[in-house]
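First up is the structure itself, then whatever we jot down about it.
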Amino acid sequence: MKKEIRIAIIGCGMISHRHMTVIENLNKRGENLRVVAAAEIDKDRLLAWGKQYGIEEKDLYQDFREMLKRDDIDEVEVCVHNNLHTSVATAVMAAGFPCYSEKPMACSYADAKILYDAQKKYGQKLAVQISSIYNPQTRIAKKMIEEGKLGKVYHARSVGHRRQGRPGYDMQFFSKDFIDPEIGVHGPLFDLGIYHLAQMLYVLGMPELESVYGVQSCDYWTHPTIDAQTNRKAPVEDLGIGIAKFKGGLSMDIYEDWAIHMDEIGTSFIAGKNGGIKFIDVDSTGGPMAVPEGGGIVGGGHLQTPKLEHFGVDEDGNLFATKLDCAIGDITGQQELALHPEMVMYNDNQLHWYSYLRGDLTDETRIDSPYIAMQTAFLSEGVVLSNELGRSVTADEIKKMSKSIAIREQKTDFGVIKYDFDEYVPE
């Protein structure tokens, strides 16, 4: 039997249920994972969560700092909202625990860099949830580029679209924190864009950004009645677009919306001299392990079945198009696991993390999700700053102008939580 990993959860909202679903499904496969404690500032939500998962009241905490005094925790999973990720995750590592944090890494590049640097400062392991990079679609595309099958790659497109899906506003079963400018801070570019941007950057080999021009909008339809119901105080953008230039001549156009009056706007793709690949049904819900037995994915949506389409020209000038099924559970995914059983560790965010904790994956063999997430925040911040300034910004300007906006004081029913983490020092 595998060594038990004792898990603590901070934040008992919607995404924590997805974590629990993955844990339950992995345990059915013999992973030996046990949730020993949870923390949540909302007492009613905390008690309901504990009852649902059979966690005794003595192991439930409103103040996560009290939970971190325990000596029976192997790792902590941070499931709080966006602008608390740096605040809470750094506190977890400062307390001496490895940390698995939800996406996005942070709401500014400065805060992502602070969290990234905290790994070394506290000597702890860190991972960030980016489900889109843990599946055959991403692996196949990355290998095709590395092997030169597209020739010189010169352009990419990163796309994310919902017809009308602003969490906390159109989709009121999501937390209203999404549209709170202090807690959610940003709209789709940071919230969902990480799945698409991170996948593109990772597949492309983490190209070095030179400059970016961006525009954001919060002009989609609203209504005073819904504003009152959701306590919408200030607009959070519902559209983010940009054009980025990387060293070596690569360009990328970026499109990410929560809501727009259009049915289809296309998909992400990468184009090279000799060929191109289109990304279809990119995973943003966590893959098969995130689906509870007999139920739907927590938070809605469907189980994606990622595919690729490969377009190109052969040496005789003939055009071709090839469709590639590359979901974890289809024939391609099953055959990959039959030939290379170790790849199961690369098919799920959380299993990848637990394998890293156990030593089955090393710093060299794991996917470095904190670095990928930080670079994604860097590019996203460029779009935000460009929009604010009304001009393109360089990579050096992003580093100099980015500011820490992560929450340093949080009011709760039991008092004020003060977060102590480093200031951002521009590079």
Side-chain angles (χ1 to χ4, degrees), residues 5 7-11 13-29 31 33 35 74-80 82 85 89 92 98-106 112 115-116 119 125-139 142 191-203 281-292 297-299 301 303-306 326-329 333 336-337 342-358 360-363 365-377:
I5 294 178
I7 300 167
I9 304 284
I10 300 178
M14 180 181 290
I15 200 65
S16 72
H17 296 289
R18 191 174 295 178
H19 282 237
M20 293 300 290
T21 296
V22 173
I23 290 168
E24 290 173 354
N25 282 332
L26 289 176
N27 275 336
K28 293 174 184 176
R29 291 167 35 170
E31 285 301 320
L33 310 167
V35 177
D74 293 318
E75 65 99 5
V76 179
E77 302 190 8
V78 173
C79 301
V80 296
N82 298 357
H85 289 166
V92 167
C99 181
Y100 175 83
S101 179
E102 263 299 323
K103 62 80 188 170
M105 191 170 188
L115 180 50
Y116 183 82
Q119 299 173 92
K125 293 180 177 180
L126 173 68
V128 178
Q129 190 274 109
I130 317 173
S131 63
S132 58
I133 62 178
Y134 296 91
N135 58 60
Q137 180 191 61
T138 298
R139 290 196 290 278
K142 192 174 192 311
D191 174 47
L192 292 176
I194 185 169
Y195 293 122
H196 310 111
L197 284 172
Q199 185 185 45
M200 289 295 103
L201 293 175
Y202 177 61
V203 166
D281 213 11
V282 170
D283 177 32
S284 61
T285 59
M289 290 296 101
V291 182
I297 293 171
V298 175
L303 176 64
Q304 284 97 346
T305 55
C326 39
I328 294 166
E336 179 189 52
L337 290 177
E342 72 279 4
M343 295 310 295
V344 69
M345 295 185 292
Y346 294 85
N347 278 345
D348 180 82
N349 283 280
Q350 286 171 238
L351 180 56
H352 195 82
W353 167 240
Y354 304 138
S355 300
Y356 180 43
L357 289 179
R358 286 192 172 111
D360 298 328
L361 293 173
T362 66
D363 287 334
T365 58
R366 70 153 178 164
I367 296 174
D368 190 353
S369 60
Y371 181 75
I372 298 167
M374 180 179 67
Q375 294 305 116
T376 304

All ring-ring contact (aromatic ring centres under 6.0 Å, His included) counterparts of H196, not counting sequence neighbours
none
Value for CZ (R358) from CD1 (I5), rounded to nearest 0.5 Å, stands at 4.0 Å
P98 versus V92, closest heavy-atom pair with distance
O-CG1, 4.0 Å
Please report the interatomic distance CG(L33) to CG(N27), rounded to the nearest 0.5 Å.
4.5 Å
Tell me, do V128 and H85 make a side-chain contact under 4.5 Å, heavy atoms counted?
no
Shortest non-hydrogen contact from C79 to G11?
CB-O, 3.5 Å
Report the residues that fulfil ring-ring contact (aromatic ring centres under 6.0 Å, His included) with Y134, sequence neighbours left out, ordered by chain and then residue number.
H352
To the nearest 0.5 Å, tell me how far T285 OG1 sits from I297 CD1.
3.5 Å
What's the shortest heavy-atom distance between N347 and P136, and which atoms?
OD1-CD, 3.9 Å
Sequence neighbours excluded, which residues qualify as side-chain contact (heavy atoms from CB on, under 4.5 Å) partners of S284?
Y195, Q304
For D281, what residues pass the salt bridge (Lys or Arg N to Asp or Glu O under 4.0 Å) criterion, not counting sequence neighbours?
none
Please name all residues satisfying side chain to side chain donor-acceptor pair (under 3.5 Å) with E77, sequence neighbours left out, ordered by chain then number.
H19, Y354
E24 meets the side-chain contact (heavy atoms from CB on, under 4.5 Å) criterion, sequence neighbours left out, with Y53
Rounded at 0.5 Å granularity, tell me how far NZ in K125 sits from CG in D363.
7.0 Å
With D348, which residues qualify under salt bridge (Lys or Arg N to Asp or Glu O under 4.0 Å), at least two apart?
none
Provide the closest heavy-atom pair for W353 versus E75 in the form atom of the first, atom of the second, distance.
NE1-OE1, 3.0 Å
What is the minimum heavy-atom distance between N25 and P288, and which atoms define it?
ND2-O, 4.2 Å
Can you confirm whether T21 sits close enough to M289 that some side-chain heavy atom of one is under 4.5 Å from a side-chain heavy atom of the other?
no
Looking at side-chain heavy atoms only, is the closest gap between R29 and V344 below 4.5 Å?
yes
Sorted by chain and number, sequence neighbours left out, side-chain contact (heavy atoms from CB on, under 4.5 Å) with D368 holds for Y116, R366, P370, Y371
Mind checking what makes side-chain contact (heavy atoms from CB on, under 4.5 Å) contact with A112, not counting sequence neighbours?
M105, A106, M374, A377
Just verifying a value: how many Å separate I133 CD1 and I367 CD1, rounded to the nearest 0.5 Å?
5.0 Å
Partners passing side chain to side chain donor-acceptor pair (under 3.5 Å) against N82 (at least two apart in sequence or in another chain):
none
Spacing of OH belonging to Y346 relative to CG belonging to L337, to within rounding of 0.5 Å:
13.0 Å
Residue pair S132 / Q199: nearest heavy atoms and the distance that separates them
O-NE2, 3.5 Å
L357 versus D74: any side-chain heavy-atom pair under 4.5 Å?
no
Residues two or more places apart in sequence or in another chain: which of them pass side chain to side chain donor-acceptor pair (under 3.5 Å) with S369?
none
Go through the structure and list residues passing salt bridge (Lys or Arg N to Asp or Glu O under 4.0 Å) with E336, not counting sequence neighbours.
R139
